[in-house]
Amino acid sequence: MMKQMQPVRGTSDLIPEEKARQNHVISTALNVAERYGFRDMATPIFEFTEVFSRPLGASSDVVSKETYTFEDRGGTSLTLRPEGTAAAMRAVISNGLTQALPHRWFYAGPMFRYERPQKGRMRQFHQFGCELIGPHSALADAEIIGCGAQILEELGVLDKCVLHLNSLGDTQSRQNFREALITYFSRFSDDLSEDSRRRLETNPLRILDSKDDGDRALLDDAPRLPDYLSDEARRHFDGVTAALDAASIGWTHDPLLVRGLDYYAHTAFEFVTDALGAQGTVLGGGRYDGLSETLGGPVLPAVGFAAGVERLALLIEQLHLPGSDIAVLAADETAEAASFGIAQSLRHAGLSAVQLMSGAMGKKMKQAHKMGCRFVVILGADELARDVAIVKDMQTGTQSDIARALLSDAITQMMKGTISE
RNA sequence: GCGGGUGUAGCUCAGUUGGUUAGAGCGCCAGUUUGUGGUACUGGAAGUCGCCGGUUCAAUUCCGGUCACUCGCCCCA
């Protein structure tokens, strides 16, 4: 097969079954989010490169090696969005919405990261997310987490996930802790793994969740983040956990949970599953009070989460694709045109009908059966002459002649009379 | 970006210690059933054995490279 006949590495087609699964994930998410007052919105798929490079931190992996960045014909550097939050915040500022707070936004769409593909990790993948922009209250954090939890619950995957929760503290707390970590690990720099020596330069907090055994051994005596939280940061975290407890949302404190992106502060959380190998995070987020200022906006506290549509789709059970209720078939060629007329009238009456157009009649019946159609409408020369059509109930096997003019009404009645699942 | 595994029919996989016509199940098509679906039986189509190169009288099999997928690391949804 020609190389060009394959999709680009890390991308894939969403053939109907997979697309249906993703649609189900996204529509369930939006449905829940709307009950929390979130409103669907969208930003462009590419932005000026600075929209992502400034807030995410130029040294972060996402920006330094994972973005699709290119110059357009005018020489402007543009970047395909690697995540949704920075663009959403940019949209708040661009649209002059920094006064009319709060905003409760929901978004869903493709994201792009140039990474080595794995199961649950694609170069073009899809996320949905919620951003609650304006409140600094711990209740906002709780609402975001609660919304995420309820989405997972209604998707039927919450019991496969564990909520990991941590506080990164405010900017000052985080800064103090960071320096303490650097001081501590610098003494053992020879014992650290190669990765962690690099992290010491770029993102010391990351050493905390290193999987290297040697690194882990050093963690026992390492500074602990909770010890560096300011009183205010601690109060905020307590406020979040108290709210979660009051709503019976289970969580575990994970002092090693660190989010990669620079703009996070205070609450960080991840819903993690062990069913997806190394890509266990299915929905994650936190508070990003510093983001707006990084983008040149005013001080604007905000919390949000993003969830991976592919990862969730992998977790949910097999979905049955809704097919058509009715199959229409012509028993012979003379009835073909009229059968199209019947199909059209059924569709105009609000029913779902497909025409079966190839093969002998037995073949068409087989198709109707395989497609799971509830009724088959059969029209042949004989029926045509009598101005009727046969309606066969595929569940009971019974069939009867119905006047063609009454078909839609009759089938509508028959469908009402049965309990459809 | 780093390390391991895999790549044979539409799908799931056998197999070939290098040797003529590469197999199974499922699926698909046709028939038994010339105006009627679930089962059964019968027959059929379908593979450049991922791609390129090397070794060899001979490569789907061995070797190298490459591409794709996959597992782990990194990072993250």
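- Within the nucleic acid shown, A:Gly397 comes within 4.0 Å of at least one base atom, counting heavy atoms only.
- Note on A:Gln367: every side-chain N or O is 4.0 Å or more away from OP1 and OP2 of B:G37.
- Atom P of B:C62 sits at a distance of 30 Å from the matching atom of B:C26, rounded to the whole Å.
- Comparing the same atom, C1', in B:U12 and in B:C28 gives a spacing of 16 Å after rounding to whole Å.
- Distance check on atom P: B:U70 versus B:U34 gives 47 Å, rounded to whole Å.
- When distances run from any side-chain atom of A:Gln118 to the nucleotides B:G72, B:C75, B:G1, the shortest one goes to B:G72.
- Proximity of a side-chain donor or acceptor of A:Asp332 to a complementary backbone N or O of A:Thr334 within less than 3.5 Å is detected.
- In this structure, A:Glu333 atom CD and B:U34 atom C1' are separated by 15 Å, rounded to whole Å.
- The CD-C1' distance, from A:Glu336 to B:G35, rounds to 14 Å in whole Å.
- At a threshold of 4.0 angstrom between heavy atoms, the contacts of A:Ile378 include nucleobase atoms, whether or not backbone atoms are also involved.
- Using a 4.0 Å heavy-atom distance criterion, A:Asp382 is classed as a base contact.
- Across every strand in view, B:U55 sits unpaired, with no contact that passes the Watson-Crick or G-U test at under 3.5 angstrom.
- Ring geometry for A:Phe305 versus A:Phe128: interplanar angle over 60°, hence perpendicular rather than tilted (30 to 60°).
- Counting to the nearest Å, the C1' atom of B:A77 and the CD atom of A:Glu131 are 13 Å from each other.
- For A:Arg311 and B:A77, the shortest distance from a side-chain N or O to OP1 or OP2 is not below 4.0 Å.
- Neither side chain, A:His236 nor A:Asp170, offers a donor N or O lying under 3.5 Å from an acceptor on the other.
- The side chain of A:Arg116 lies closest to B:G3, out of B:A77, B:U36, B:G3.
- Between the base of B:G1 and the side chain of A:Glu115 there is no donor-acceptor pair shorter than 3.5 Å.
- Pairing for B:G7 goes to B:C67, judged as Watson-Crick or G-U wobble with the two contacts each under 3.5 Å.
- Looking at A:Lys119, its side chain has no donor and acceptor atom pair within 3.5 Å of the base of B:U70.
- Checked by atom type, the side-chain pair A:Glu47/A:Thr79 shows no donor-acceptor distance below 3.5 Å.
- Across all strands shown, the partner of B:A24 is B:U12, judged by Watson-Crick or G-U wobble contacts whose two distances both fall under 3.5 Å.
- Rounded to a whole Å, the CE atom of A:Met371 is 16 Å from the P atom of B:G38.
- Using a 4.0 Å heavy-atom cutoff across all strands shown, A:Ala306 reaches sugar-phosphate atoms only and no base atom.
- Here the separation of B:A59 from B:G54, taken at their C1' atoms, is 11 Å to the nearest Å.
- B:C13 and B:A40 have their C1' atoms separated by 26 Å, with the value rounded to a whole Å.
- Both A:Gly308 and A:Gly380 lie close to RNA chain B; mapped to their nearest nucleotides by heavy-atom distance, the more 5′-ward contact belongs to A:Gly380.
- Within 4.0 Å (heavy atoms only), A:Leu329 reaches no atom of the nucleic acid at all.
- Checked by atom type and distance alone, the side chain of A:Asp393 pairs as donor or acceptor with a backbone atom of A:Gln395 at under 3.5 Å.
- Atom NZ in A:Lys366 sits roughly 11 Å away from atom C1' in B:U32 (whole-Å rounding).
- Across all strands shown, B:G72 forms a Watson-Crick or G-U wobble pair with B:C2, both key distances being under 3.5 Å.
- The side-chain tip of A:Arg104 does not point at the ring of A:Tyr36 from less than 6.0 angstrom away and within 45° of straight on.
- For the C1' atom pair drawn from B:U16 and B:A58, the interatomic distance equals 14 Å after rounding to whole Å.
- The nearest whole Å value for the distance from the CD atom in A:Gln124 to the C1' atom in B:A77 is 14 Å.
- If you check B:C75, B:A68, B:G37 against the side chain of A:His369, the one that comes closest is B:G37.
- Across A:Glu179, A:Arg178, A:Gln172, a single residue satisfies side-chain hydrogen bond (donor to acceptor under 3.5 Å, both in side chains) together with A:Gln175, and that is A:Glu179.
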Between protein and nucleotides 28-30 of chain B, what N or O pairs are separated by less than 3.5 Å?
unit_1, atom_1, unit_2, atom_2, d
B:C28, OP1, A:Lys370, NZ, 2.5
B:C29, OP1, A:Lys363, NZ, 2.7
B:C29, OP2, A:Lys363, NZ, 3.0

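- A donor-acceptor pair under 3.5 Å is absent between the side-chain atoms of A:His164 and the main chain of A:His253, judged by distance alone.
- A donor-acceptor contact closer than 3.5 angstrom is absent between the side chains of A:His103 and A:Glu131.
- B:U61 and B:C49 have their P atoms separated by 9 Å, given to the nearest Å.
- Within 4.0 Å (heavy atoms only), A:Met122 reaches at least one base atom of the nucleic acid.
- As a whole-Å value, the separation of A:Asp274 CG from B:G72 C1' is 16 Å.
- Remark: the separation of the C1' atoms in B:C51 and B:U39 is 44 Å, to the nearest Å.
- In this structure, the NZ atom of A:Lys364 is 20 Å from the C1' atom of B:G38, given to the nearest Å.
- The residue A:Glu270 sits apart from the nucleic acid: no heavy atom pair falls under 4.0 Å.
- A:Asp245 and A:Trp251 share a donor-acceptor pair across their side chains, judged by distance under 3.5 Å alone.
- The side chain of A:Met394 approaches B:G37 more closely than any other nucleotide in the set B:G37, B:C75, B:C69.
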